[in-house]
Amino acid sequence: MAFAGETITYRNGKISVPDHPIIPFIEGDGIGPDIWRATQRVVDAAAQKAYQGQRGIVWKEVLAGEKAYHETQSWLPQETLEAFTQYKVGIKGPLTTPVGGGIRSLNVTIRQELDLYACVRPVRYISGVPSPMREPQKVDMVIFRENTEDVYAGIEWPSGSDEAVKLIEFINHNTNKHIDLSAGIGIKPMTKAGSERLIRRAIQYAVDNHRRSVTLMHKGNIMKFTEGAFRDWGYELAAREFHDQVVSENEVYQNYGGKMPPGKILLKDRIADITFQQVLLRPDEYDVIATPNLNGDFLSDALAAQVGGVGMAPGNNMSDDVAVFEATHGTAPKYSNLDKVNPGSLILSAIMMLEHLGWQEAADVARNSLEATIGDKIVTYDLARLMSGATEVKTSQFATAMIERM
């Protein structure tokens, strides 16, 4: 039976999900169609298993990337942005970056146009996945990466351009700094409001999900008035808005004799380069991490490598009322239409989406079947080549194996 579908809404800041929500999707470029077909089958089967037809998603295709350009002569039609805004939740495969002028990055453009200020990347080890770590099971972190500011704001000019020269001359004439006139120039804006809303969401996530700690990752020892300010704004926000739930590292030593008080979440900060070392050496000491944009880009992929690579890493870009879930890897065009690559990233992102909808039962069905399939060593080529005794399957066959294990 087909359902017409209803629109997700927000009431008093809380998401309200009908039994048959309309969810727009972008299948993506390159390997996108292959992994999207697998993901859609898995999500539909998980919802059917969990709710026996009482709940289910009504999918609505929207266009971006190469398919959009071919059909509409626009890489990112306005109708696509309007659909995500209207329906509140969406999901997308990987998108190519157009070569030449125009859009710098479709992914970045979607985030900026919809003000999807928080990139949320949970990184957790799934038993059986090959990992370079000795104890990958200790990796269970959630990265909250600021998504709209920092060097990703795209405020830069090439060496020798009129804009770069004018800006350099202004700085040289009006400050005690000196920049060579031949330099390319980029500006790194970070605002209090932008930092606070990202850190607020990270701390609230930790509170809602009973996590142990929130780490502010920054390079404030060098960039004192951007990343250093991010750190300071985070502590100020926590003291002001989460006083009853959060305790800073300094407070633990000053007020509690170095022992965490029960029922509290630890708030700490770490310099970016030290963070990279410690998530390798002491991953169990890290839980939720809030970070500016560039740091978060590096860290989330580095952490993904610890649990099997970006093929097993989900992601979500969200504002206060719009969430777009996505594969976190590229389009891998040489594998297009070969039914070959690992759909794990998009499937895990879809599981995040089910949790966002409040459909925890369906999310659990899908996650358990994913873990069971990998546990049975039924995997795509990228994992099969790293595992002994594995059965290598196609993208579509991996989805079928998951559905059989629901």
Side-chain angles (χ1 to χ4, degrees), residues 29-30 64-66 68-69 73-76 81 94-119 121 143 145-195 198 217-233 271-276 291-302 304-305 310 315 317 326 328-334:
D29 297 324
E66 293 171 348
Y69 191 77
Q73 284 67 61
S74 171
W75 289 98
L76 181 58
L81 298 173
L95 292 173
T96 191
T97 297
V99 176
I103 292 176
R104 176 187 299 260
S105 161
L106 289 172
N107 293 321
V108 172
T109 301
I110 291 171
R111 295 166 194 166
Q112 291 182 342
E113 288 292 321
L114 299 177
D115 196 28
L116 305 177
Y117 64 84
C119 176
R121 297 275 297 268
I143 312 303
R145 167 194 173 195
E146 200 288 320
N147 229 1
T148 62
E149 300 187 328
D150 201 351
V151 293
Y152 281 70
I155 307 172
E156 61 175 351
W157 296 275
S159 168
S161 65
D162 289 345
E163 296 89 346
V165 171
K166 288 177 182 177
L167 187 56
I168 292 169
E169 288 178 340
F170 177 85
I171 292 170
N172 290 347
H173 292 159
N174 293 278
T175 73
N176 62 352
K177 308 295 183 184
H178 178 79
I179 303 173
D180 191 289
L181 278 174
S182 67
I185 287 290
I187 293 179
K188 178 187 176 78
M190 290 177 60
T191 66
K192 183 177 183 180
S195 299
L198 181 279
M217 175 188 177
H218 62 92
K219 193 63 178 170
N221 57 329
I222 303 300
M223 292 171 275
K224 300 182 185 299
F225 307 121
T226 50
E227 302 209 8
F230 177 90
R231 167 197 180 275
D232 295 342
W233 292 328
I271 302 297
D273 42 331
I274 296 301
T275 306
F276 275 99
T291 168
N293 205 331
L294 184 61
N295 290 341
D297 195 3
F298 295 154
L299 182 68
S300 53
D301 279 6
V310 291
N317 297 285
E326 66 176 359
T328 59
H329 51 68
T331 59
K334 71 177 182 178

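We're numbering straight along the sequence, starting at 1.
- A distance of 7.5 Å separates CD of E146 from OG1 of T191, quoted to the nearest 0.5 Å.
- At a threshold of 4.5 Å between non-hydrogen side-chain atoms, the residues I155 and P189 count as touching.
- If you take CG on L167 and CG on L181, they are separated by 11.0 Å, rounding to the nearest 0.5 Å.
- None of D297, D115, N317 except one satisfies the side chain to side chain donor-acceptor pair (under 3.5 Å) rule with N147; the exception is N317.
- Of all heavy-atom pairs spanning S161 and P158, the tightest one is OG-O, 2.8 Å.
- Side-chain contact between D162 and W157 is absent, with no heavy atoms from C-beta onward closer than 4.5 Å.
- Between atom CG of residue L81 and atom CG of residue L76 there is a gap of 4.5 Å, rounded to the nearest 0.5 Å.
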Applying side chain to side chain donor-acceptor pair (under 3.5 Å) to N107 and S105, what does each step give before you reach the verdict?
CA-CA 5 Å; N107 293 321; S105 161; 4.7 Å; no
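- When each of T291, N295, D273 is paired with K219, the side chain to side chain donor-acceptor pair (under 3.5 Å) condition holds for D273 and for no other.
- Between the side chain of D29 and the backbone N or O of E66, at least one donor-acceptor pair lies under 3.5 Å.
- The closest side-chain heavy-atom distance from E227 to I222 is not below 4.5 Å.
- Under the 3.5 Å distance criterion, the side-chain polar atoms of E163 are left unmatched by any main-chain donor or acceptor of V165.
- At distances below 3.5 Å, not a single donor-acceptor pair connects side-chain atoms of D150 with backbone N or O atoms of M190.
- Taking CG of L198 as the reference point, atom OH of Y117 lies at 8.0 Å (rounded to 0.5 Å).
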**Report entry** Worked verdict on E326 versus T328 for side chain to side chain donor-acceptor pair (under 3.5 Å)
**Finding:** CA-CA 6 Å; E326 66 176 359; T328 59; over 6 Å; no
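- Counted by atom type alone, N293 and E149 present zero donor-acceptor pairs between their side chains at under 3.5 Å.
- A cation-pi geometry, defined here as NZ or CZ lying under 6.0 Å from the six-membered ring centre and within 45° of its normal, does not hold between R111 and Y152.
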